[in-house]
Amino acid sequence: MSKFSCLRIARLAARYPVRRTYATTSSDFVRIVEVGPRDGLQNEKQSIPVATKIELVNKLAQTGLKTIEAGSFVSPKWVPQMANSSQILEHVLAAPPTSPHAVTYQWLLPNVRGLDNFLSVWEAKATGKSDYPTPPPSPGSGQTPGTTNSHELSIFTAATETFTQKNTNCSIAESLRRFEPIMTRAKEMGLNVRAYISVALGCPYEGPNVDPHKVAELAVSLLEMGADEISVADTTGMGTAPKTAELLKTLSAAGIEKSDLALHFHDTYGQALVNSLVSLEHGIRTFDSAVAGLGGCPFSPGATGNVASEDLVHCFHSLGLKTGVDMEKLSEVGQWISYEIGRPNESRAGNATMAQMAKRKA
Ligand SMILES: CC(C)(COP(=O)([O-])OP(=O)([O-])OC[C@H]1O[C@@H](n2cnc3c(N)ncnc32)[C@H](O)[C@@H]1OP(=O)([O-])[O-])[C@@H](O)C(=O)NCCC(=O)NCCSC(=O)C[C@@](C)(O)CC(=O)[O-]
């Protein structure tokens, strides 16, 4: 494993001044990254109207969620469902915000072609800064005039060669080479970049025992390249409490700060909440999730959705932690999108909250 070099990081930090917006100042605050509109919807077989996707993004922004992964700029031949992401970006850039607080929107891309497609919309609207000058708030939104939403890019690779080939048609090394020009241009434009490492706790092709040192090696390479945050993904849901603890210890031993990490659990084996708690105890304060437990990766056969945002929020609130998310509003969004796309709401806490709300109204 390449040795984590603080000096090298310091040199890179000087080269690419990074807006460190992630590190939470208060240890009782947990940041939820809502990935429902991208990870949650990308695997849906029926084409979902762009208006529904935009409505989902808008509704989520009104629940108190402050980071939303809203779409991806990948090949439409590979993931047809995400083909209209540029329309979502256009909308988010042009429409008056509806939420009472600033929101960071994330956009996933695999290569320079994806970045070019993102920038063709972005550059037509932006002023060269990462923070797009947001139009005046909608009446009644409660948002402070002058509040600016911001945008970030997400790149993705994986801890096994087979998954990387299946997902992006290239080797791990080639995926990293593809990121270099993306990183350089993103930093020139002042855009933060988050990097996913998929199959960190089990691979659908190479099995459940993924080497945690490989994950750490990749995380170090991505941070050295300039990534602002690493999202460690249990794509298959094969992660267990001991495996999660071992992985987090290995990442720490490689010199990776907890504040540089997000954990991204899928709930295929029902272990996502347990693994989230293990991560929480380890000091992690950023978690990815999808409303209603939407999701699944098209290149991870059998994998089900992300951990449901409602379940995560309910669990964290029960521990006295703060997320800034309104559980009832979030549960309503989960029920709404499940109905819209014709699938069951996978969030137990969301369903229970809706039942309580119905009882109160009766
Ligand atoms: C990487 C490629 C493009 C390589 O795919 P390729 O076929 O090797 O690429 P190519 O360069 O030969 O291009 C093929 C065609 O796609 C076009 N193309 C090429 N790039 C783009 C682009 N960005 N946007 C739009 N079009 C693009 C390109 O122009 C060409 O069009 P043609 O000439 O045939 O008409 C492809 O494999 C791909 O798009 N893969 C993405 C797959 C994906 O989105 N997977 C799901 C997201 S990752 C995930 O879900 C995991 C995560 C993040 O949630 C965490 C976890 O849980 O693990």
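Both counts, for ligands and for their atoms, begin at 1 and track the order of listing. Numbers here are sequence positions counted from 1.
- With hydrophobic clusters built from ILVMFWY side chains whose heavy atoms lie under 4.5 angstrom apart, Leu109 shares a cluster with Leu41.
- A distance limit of 4.0 angstrom between heavy atoms and ligand 1 selects the residues Arg38, Asp39, Gln42, Phe73, Val74, Ser75, Pro76, Lys77, Trp78, Val79, Leu108, Pro110, Asn111, Arg113, Gly114, Asn117, Phe156, Asn167, Thr168, Asn169, Arg178, Tyr196, Ser198, Ala233, Thr235, His264, His266, Cys297, Phe299.
- Under the side-chain hydrogen bond (donor to acceptor under 3.5 Å, both in side chains) criterion, Glu174 pairs with Arg177, not counting sequence neighbours.
- A salt bridge (Lys or Arg N to Asp or Glu O under 4.0 Å) check over residues 196-211, counting only residues at least two apart or in different chains, returns nothing.
- Residues that satisfy the side-chain hydrogen bond (donor to acceptor under 3.5 Å, both in side chains) test with Lys258, not counting sequence neighbours, are absent from this structure.
- Of the residues Val220, Val232, Asp260, the one that meets the side chain to side chain contact (heavy atoms under 4.5 Å, CB included) test with Leu251 is Val232.
- A salt bridge links Arg360 with Glu328: the closest approach of a Lys/Arg side-chain nitrogen to an acidic carboxylate oxygen falls below 4.0 angstrom.
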